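Step one of this worksheet: look at the structure below.
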Amino acid sequence: MKLTLPDNSIRELPEGSSGYDLAKDIGAGLAKAAVAIEIDGEQKDLHDPINSDCCISIITIDSDKGLEIMRHTLTAQVLARALKNIYSKSFLAIGPTIDNGFYYDVEVDEGISVDDLQKIEDEMHRIIKTNSSITKKLKSKKDALKIFKSLKEPYKVEIINESDQKDDFQLYYQDDEKFIDLCRGPHLPSLSFIGSFKLTKVSGAYWKGDSENKMLTRIYGTAWNNEKELDKYLSDIEEAQKRDHRQLGKEMNLFHFQDEAPGMVFWHPYGWTIYRQLQNFMRQKLEDSGYLEINTPLVVDRKLWEASGHWDKYRENMFITEIDEEHANEKRVNALKPMNCPCHVQVYNQGIKSYKDLPIKFAEFGSCHRYEPSGTMHGLMRVRGFTQDDGHIFCTEDQIESETGKFIELLSGVYADLGFKDFDIKLSTRPETRVGSDDVWDRAESSLEAAIKNLGYPYKIDEGDGAFYGPKLDFVLTDAIGRDWQCGTFQLDFNLPERLNAEYVGEDGNKNNPVMIHRAVLGSFERFIGILIENYAGKLPFWLAPQQVVIASIISDVNDYSIEIMDLLKKEGIRAEADLRNEKISYKVREHSSKKVPIILAIGNNEKNDRTVSIRRIGSNNNNVLKLDDAIKEITKENSV
RNA sequence: GCUCAUAUAGCUCAGCGGUAGAGCACUUGCUUGGUAAGUAAGAGGUCACCGGUUCAAGUCCGGUUAUGAGCUCCA
């Protein structure tokens, strides 16, 4: 048979030869490094027989694919076996690879904590030292079921039972055959290929990802080809943690949280400065894009939430208030708004709207409260009280595509200004339960898609993840440790205008419901500021930095000159402070640098006598001496987006 | 909400049954020093909260609250 290699060369081998035979035929070095093969794009075990002509490539241990197979074998063959050895009453579930590593889900009676990881690792090392080869046997469904029933592995039995596959279930064995794993493979041909690894954390995870199911114990690990790569990964993680906005928020004195208001931010002066800068920036952008800013009540009677449908569908996430009966004239139940949309419809509904008025775009820096489950809160990224750069576009169906385009342009401009060149776009399409006809959904989804395509942005489709009331686009940014956060959003809504009687008079004189589009660029100020801090590791762009310039005196004789500089900068709208403390300049430089102040002006006798400043920028050890007037001009010029 | 872990000075952490500790920060002296920590002294704590075990509890046990890592959720 003819085997076509990736370089298009062809090798002839007898039928039934394996990838290993091919590798040997090419060279001994390759045979030594080969761990699996890929036939017509599908990964197979190295020793699987090949029975016909095909395109084939050999996966070596030092390739990315080889590394992933190694991680897979490490979790499914080694970690799983170690767990069975240590916890005799455990049941294995699944063990896939993930970015940089792997995990294994297992049910155990006794809890496993991080303190137990060392002994599990030790057992893994012991297993790896056997250098066992790994062989595969194909079993029928019946036999596979029998084997895993006798091994008392209920999760494996469930997997086999639920599989459509009839035959050829792949069972992997190590030399002593005392451990059997059901797996779609491929696996390493031998444990000798395992590199360096470390078990990193333990957590709970629901079986099949369903919170109705039992919670299993999940053990995470990371694995690399050698010790050096493992160490690099671990130190990269440590570096990334230094960018954590919660840590930087403390160091830079931006905000805090406390027990009495979980998930609600106490903004400190410096943090609130960032917030205000961002808000002013956004306000200008919205105004430039034709939005009219409004403001609506925080506390609203339940009647409105009943009308909007939130009372039914969203109540468990709402903060509900009652007025103290003793003092109230009437007993009303109110809720803090979790969203601004119903209130925006109320503003829209004042007066009669004509088709000529559309689109109408309202914007609000809307303060919302949502009772988020306790386990989901995370610094500024996921909070219970937050402010959206919210807006609603009331338009006709025909206007959807052009409004989508305008929005993406607005968003990408804002993101670029804030330093985000890369963001992911996700298009969520119709879910199973929904309102509106398929016809309307067809048009809505294709308008959204057409608008992204026209602008040339890559996007991903998330089938069935749309809201019941319409499809949506989500704009996702990534935090310091690689977690994704939805920031911008653009959601079509065919439902709410009808529910809340939003109407316009059409050309024909009849009343119609407009389409409503819920949209946000930043998403929430809280989350976005968290992302900004992490993205810049605290070193915010000059215009956003809470302290922009610190004037640090070297000796007290120059205090008057330092104050003069501060006042001149302040007159230009620069956030300048003077540090006149009786401390050494190196001490002051250290302190202000660690607080990420963009510019430090060191002032001594030389500067005072020559009316100059010595300017030092964050991230640089250079200091340039500039004429005071020039320095002020330069700094002032920098103070814009 | 679920699993596991954590909670000691403003911050970072040590202490793990027997009189509450360190470094930094803070206050006060001395020091006026040229670009990432000058120096000495002082002050600072109801060891998250509630309960239990014990002659004795930051320390062991249970509960509550909050936080962290995941999981689920985020219309």
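Nothing here was measured: the structure is a model prediction, and the numbers come from that model. So you know, we letter chains A, B, ... as the sequences are listed, proteins then strands, and number each from 1.
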Rounded interatomic separation in angstrom, taking CD1 from A:Ile219 and P from B:A5: 13 Å

The Watson-Crick or G-U wobble partner of B:U6, with both key distances under 3.5 Å, is B:A66

A:Arg616 near the nucleic acid: base, sugar-phosphate alone, or nothing, with a heavy-atom cut-off under 4.0 Å? base

Taking any heavy-atom pair under 4.0 Å as a contact, classify A:Pro262: base, sugar-phosphate, or nothing. sugar-phosphate

With heavy atoms under 4.0 Å as the rule, sort A:Tyr103 into base, sugar-phosphate or nothing. nothing

Looking for any heavy atom pair under 4.0 Å, which part of the strands does A:Lys588 touch: base, sugar-phosphate only, or nothing? nothing

Students often get this wrong, so: under 4.0 angstrom with heavy atoms, is A:Asn317 touching a base, only sugar-phosphate, or nothing? nothing

For A:His592, answer base if it contacts any base atom (sugar-phosphate contacts may also be present), sugar-phosphate if it contacts only those atoms, and nothing otherwise; contact means non-hydrogen atoms under 4.0 Å. nothing

Nearest-Å distance, CD (A:Glu212) to P (B:C71)? 18 Å

For a quick check of understanding: with a heavy-atom distance under 4.0 Å over all strands, which category does A:Gly309 fall into, base, sugar-phosphate or nothing? nothing

Using a 4.0 Å heavy-atom cut-off across all strands, classify A:Ala467 as base, sugar-phosphate, or nothing. sugar-phosphate

Which part of the nucleic acid, if any, lies within reach of A:Gly523 when heavy atoms closer than 4.0 Å are counted: base, sugar-phosphate only, or nothing? nothing

Cation-pi check, A:Arg370 onto A:Phe319 ring (under 6.0 Å, within 45° of axis): no

Pick base, sugar-phosphate or nothing for A:Tyr206, based on heavy-atom distances below 4.0 Å to the nucleic acid. base

Hey, does A:Ser113 reach any base, or is it just sugar-phosphate, or nothing, if we go heavy atoms under 4.0 Å? sugar-phosphate

Which part of the nucleic acid does A:Arg246 contact within heavy-atom distance under 4.0 Å: base, sugar-phosphate only, or nothing? sugar-phosphate

Looking for any heavy atom pair under 4.0 Å, which part of the strands does A:Ile585 touch: base, sugar-phosphate only, or nothing? sugar-phosphate

